[in-house]
Protein chains: 2
Amino acid sequence: MSELAAALGIVGPRWALLIVEQLLDGPQRYGDLQRDLGMGTNMLATRLRELEAAGVLYRLPLRHNTRAYALTDRGLALRETIVALRGWGAGST
Amino acid sequence: MSELAAALGIVGPRWALLIVEQLLDGPQRYGDLQRDLGMGTNMLATRLRELEAAGVLYRLPLRHNTRAYALTDRGLALRETIVALRGWGAGST
DNA sequence: ACGCGGCACTTTCATTTTGGAAGTATGACC
DNA sequence: GGTCATACTTCCAAAATGAAAGTGCCGCGT
């Protein structure tokens, strides 16, 4: 399996990269992610679980029953990829 | 819609980026792509149609009933993204 | 002229993924 | 004790993906 295929196995599923993009601005709570991205809550929960298992992000406990999601170093390392893709998408006109 | 989302609308579907990666080495025929990528022929046909419609690649007629698929400038511009993702995938250990 | 084989797909149908809507759990606060 | 906010889970329909087999076109050999 190529390295590109391995990467896509993690950030390939729909919404995965968009979640990471949101978290590049800093840790966010579940509800904020959902509202900002406009995605269904079931998909968000699934993706967060997968990305956490893959070591891309982790849960950061806040007060009472709330928590935030933050990128690990491995997650932050996706910034270059996201910038490149964003630049490519901007050039479609 | 963000620019990242726009980009993912084109290269987000499964196999799309892997097809582009293969074509970075030069034009390839349908059968070669299928064998190299190990993907089903129906999906390959669908992706090639979509990527052609998006201006990422084009059909290059060869002898008789054969043709090759080649990247447009827009398709070649994905090289940076692919290199970045490949590098990220390599760092998973 | 006729059949054979390679190539580029299409079609059909099962499986997986995605999406929408509603429901559940937990704890703070009044 | 009841209400509210937050973070999910569950259930079901719709869409995407995948495996297998079939179709159409041409060139080549006989």
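Numbers restart at 1 for each chain; the letters A, B, ... are given by sequence-line order, proteins then strands.
A cation-pi contact, defined as under 6.0 Å to the ring centre and within 45° of the axis, links A:Arg74 to B:Trp88.
For the pair B:Val11 and A:Leu85, the tightest heavy-atom approach, listed with the atom from each and the gap, is CG2-CD2, 4.0 Å.
D:dA19 atom P lies 13 Å from atom CG of B:Leu37, rounded to whole Å. As rounded to whole Å, 10 Å separates atom P of C:dG20 from atom CE of A:Met43. Spacing between atom CD of A:Gln34 and atom P of C:dG20 amounts to 11 Å, rounded to whole angstrom units. C:dA8 atom C1' lies 15 Å from atom CD of B:Gln28, rounded to whole Å. As rounded to whole Å, 13 Å separates atom P of C:dT18 from atom CG of A:Leu44. Distance, A:Met39 CE to C:dT17 C1': 13 Å, rounded to whole Å. Rounded to a whole Å, the CG atom of A:Leu60 is 16 Å from the C1' atom of D:dT6. To the nearest angstrom, C1' of D:dT17 lies 12 Å from CD of B:Glu50.
Of the charged side-chain nitrogens involved, at least one lies within less than 4.0 Å of a carboxylate oxygen, so that A:Glu50 and A:Arg47 count as a salt-bridged pair.
Of the candidates D:dC8, D:dT10, D:dA20, D:dA20 carries the atom nearest the B:Asn42 side chain, counting heavy atoms from C-beta on. When distances are taken from the side chain of A:Thr66 to each of D:dT17, C:dC9, D:dA7, the shortest belongs to D:dA7.
Within the 4.0 Å cut-off from OP1 or OP2 of D:dA15, not a single side-chain nitrogen or oxygen of B:Arg14 is found. Distances shown here put a side-chain N or O of A:Arg49 below 4.0 Å from the OP1 or OP2 atom of D:dT9. Of the side-chain N and O atoms in A:Arg67, one or more sit less than 4.0 angstrom from OP1 or OP2 of D:dC8. Of the side-chain N and O atoms in A:Tyr30, none sit less than 4.0 angstrom from OP1 or OP2 of D:dT9. One finds no side-chain N or O of B:Arg63 lying less than 4.0 angstrom from the OP1 or OP2 phosphate oxygen of C:dG6. Taking only side-chain nitrogens and oxygens, A:Trp15 comes nearer than 4.0 Å to OP1 or OP2 of C:dG19. Contact annotation: B:Arg29 does not reach the phosphate of C:dG6 (side-chain N/O to OP1 or OP2, under 4.0 Å).
Sparse packing is recorded around CD of B:Glu80, with 12 or fewer heavy atoms of other residues, nucleotides or ligands lying under 6.0 Å away.
Across the interface with DNA chain C, nearest-nucleotide mapping of B:Arg35 and B:Thr46 shows B:Arg35 to be the residue nearer the 5′ end. Residue whose closest nucleotide on DNA chain C sits further toward the 5' end, between A:His64 and A:Pro13: A:Pro13.
Using a 4.0 Å heavy-atom distance criterion, A:Thr41 is classed as a base contact.
Below the 3.5 angstrom threshold, one finds a donor paired with an acceptor across the side chain of B:Asn65 and the base of D:dC25.
Listed for the A:Arg14 side chain is no donor-acceptor partner under 3.5 Å among the backbone atoms of B:Pro13. Between the side chain of A:Tyr30 and the backbone N or O of A:Thr41, at least one donor-acceptor pair lies under 3.5 Å.
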